[in-house]
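What follows is a single structure, written as structure tokens, with notes after it.
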Amino acid sequence: MRTTLSMHHIARIEGHGNISLSIEDGRVSDVKMNVVEPARLFESMVGGRPFTQTSYIASRICGICSSSHVITDLLAIEQIFGVKTSERTRVLRELLVYGSFLQNHAAHLFVFAAPDFEGLDSAFPLAESAPELFNGGMAIKALGNELCTLVGGRSIHPITCVVGGFTHEPSRDDCLAMADKVAAAREFCEKTVDVFAGFKVPQIETSGDFMALVENGRYCVVGDTAAFASDGARFVAADYADHIEEYAVDHSAARFSRRASTKKNITTSALARVNLSWNELSQPARLAAAKAGLRPPARNPFLNNVAQAVELVDVCVRCEAMLRWLAFGEGTSKPVDFKVRAGRGVGMT
């Protein structure tokens with residue numbers, strides 16, 4: 001006997017999705033995730049426009065990770081123009097990415113994931129049953145909004161990050177005040193690791209591969225080199241098409257990605273970064289992860305929740321240090337001089 005169940009309008013994802021299950025003789029024989037959001041044609045929107053506009057347009061791809069879209073575009077354009085940015089620019093760009101981590105890890109963990117683990121319909125009953133947990137999570141998200149605004153000019157779709165540098169830099173007093181705030185948030189983030197490590201999850205493992213940015217001596221979130229967890233093989237952004245191939249499936253509008261050499265699907269996520277850059281995590285983050293039982297190789301997709309909580313700890317440690325460095329360090333993030341020229345560039349975040 002075969003039965004098909006279809007669940008439409010899945011709410012807790014970015015975009016629009018459905019799930020269909022086929023059940024034969026009481027066992028699930030097939031599961032399909034249908035992303036039904038249509039193509040939005042951003043490639044066409046930026047065609048023929050000045051390079052100064054492309055990053056602002058591309059950030060509208062997503063209100064969740066707009067900072068990463070801006071930086072990815074700028075890295076590609078700078079590769080074409082041969083632009084070498086300053087260390088202060090690199091630090092400010094990393095702060096933008098980390099601000100979005102605070103925003104979005106917190107939103108995912110406390111609005112999307114925690115209610116499911118607690119057996120609740122949404123975040124609203126969670127706010128009533130566990131107000132300290134929910135309010136603390138929302139405070140982390142608000143802190144991410146504040147950090148993105150400080151560095152990027154507003155909480156989403158940043159406007160200060162441009163080709164070659166920044167048009168505005170936060171003051172010393174603002175950097176120090178924000179450093180104090182992220183330092184104060186660390187204790188709650190460490191508790192968050194314990195909370196999500198305590199949730200019961202299925203004991204499964206992915207058969208696919210993990211991929212993340214890597215850089216020796218750095219927990220890399222803005223860079224030029226990626227690696228696969230299965231064998232450590234690395235490649236630079238410009239060569240991505242030799243290592244990653246996209247493909248379509250009949251049941252979804254989303255494009256899938258796999259490793260070209262093995263045809264295995266790849267996961268890019270907090271768990272991928274923890275697997276590939278474990279030794280580069282800050283000591284408090286690594287200690288929190290080890291205490292929670294998260295160590296590489298970690299192949300259970302459900303552990304991505306714990307990995308996101310670990311990254312929140314790491315963000316607090318790292319951002320405090322970077323903000324204090326900005327407050328007292330030398331140099332400038334003003335856009336460097338460059339010559340406009342034709343070419344092809346690839347950025348990767």
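Quick caveat: nothing in here was measured; it's all calculated off a predicted structure. Just the heavy atoms: all of them, side chains too, but no hydrogens, waters or symmetry mates, feed the values below. If you read the sequence from its start, that first residue is 1, and numbering goes on from there.
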D209 and K263 ion-paired at < 4.0 Å:
no
Minimum heavy-atom distance A272-T267, with the two atoms named
CB-O, 3.6 Å
Is any side-chain N of the basic residue among D174 and R172 closer than 4.0 Å to the acidic one's carboxylate O?
no
Is it the case that the side chain of N18 and the backbone of V36 share a donor-acceptor pair, with hydrogens and angles ignored and the cut-off at 3.5 Å?
no
Can a donor-acceptor pair be found, under 3.5 Å and without considering hydrogens, that links the side chain of T89 to the backbone of T85?
no
For R27, does the CZ atom have more than 12 heavy-atom neighbours from other residues, nucleotides or ligands under 6.0 Å away?
no
When you measure from the centre of the six-membered ring of Y247, is the NZ or CZ of R255 under 6.0 Å away and within 45° of the axis?
no
With a distance cut-off below 6.0 Å to the six-membered ring centre and an angular limit of 45° from the axis, does R88 pair with W325 as a cation-pi contact?
yes
Ignoring hydrogens and geometry, is there a side-chain-to-backbone donor-acceptor pair from T54 to F51 under 3.5 Å?
yes
Using modelled atom types and a 3.5 Å cut-off, is there a donor and acceptor pairing between side-chain atoms of E24 and backbone atoms of S29?
no
Taking atom types as modelled, is there a side-chain donor on T349 or T72 under 3.5 Å from an acceptor on the other?
yes
Do F228 and L276 come within less than 4.5 Å of each other through their side chains, counting heavy atoms only?
no
For residues I266 and I244, determine if any side-chain heavy atom of one lies less than 4.5 Å from a side-chain heavy atom of the other.
yes
Enclosure of R49 CZ (heavy-atom neighbours >12, cutoff 6.0 Å):
no
Any side-chain donor-acceptor pair under 3.5 Å between E311 and Y98?
no
Do other residues, nucleotides or ligands put more than 12 heavy atoms under 6.0 Å from the CD atom of E246?
yes
F338 and F81 aromatic centres sub-6.0 Å:
yes
Short side-chain to backbone donor-acceptor contact, R299 and T206, under 3.5 Å
yes
Just by distance, do the side chain of R60 and the backbone of Y56 share a donor-acceptor pair under 3.5 Å?
yes
Strictly below 4.0 Å, N to O, side chains only: are R93 and E78 in salt-bridge contact?
yes
Taking CG in D231 as the centre, count heavy atoms belonging to other residues, nucleotides or ligands within less than 6.0 Å. Is the count above 12?
yes
Tell me if a side-chain donor or acceptor on E215 pairs with a main-chain N or O of L213 at a distance below 3.5 Å.
no
Does F302 have its ring centroid less than 6.0 Å away from the ring centroid of F199?
no
With distance as the sole test, does S100 use its side chain to make a donor-acceptor pair with the main-chain N or O of V97 at under 3.5 Å?
yes
Any chance CZ of F256 has more than 12 other-residue heavy atoms, nucleotides or ligands included, within less than 6.0 Å?
yes
Between S66 and H157, is there a donor-acceptor pair closer than 3.5 Å when you use the side chain of the first and the backbone of the second?
yes
Listing, residues 182-191 side-chain donor-acceptor contacts under 3.5 Å, not counting sequence neighbours, or none:
unit_1, atom_1, unit_2, atom_2, d
R186, NE, E190, OE2, 3.1

Short N-O contact, R2 and D25, less than 4.0 angstrom:
no
Set out, in order, the CA-CA distance, both residues' side-chain angles and the distance that settles side chain to side chain donor-acceptor pair (under 3.5 Å) for D314 and S282, then state yes or no.
CA-CA 6 Å; D314 192 66; S282 62; 2.8 Å; yes
Could you check whether atom CG of D337 has more than 12 heavy atoms from other residues, nucleotides or ligands sitting under 6.0 Å from it?
no
With no hydrogens and no angle check, is any side-chain donor or acceptor of N145 less than 3.5 Å from a backbone partner on S155?
no
Are D242 and F235 packed together at the side-chain level, in the sense that at least one heavy-atom pair is separated by less than 4.5 angstrom?
no
More than 12 heavy atoms of other residues, nucleotides or ligands under 6.0 Å from CZ of F124: is that the case?
no
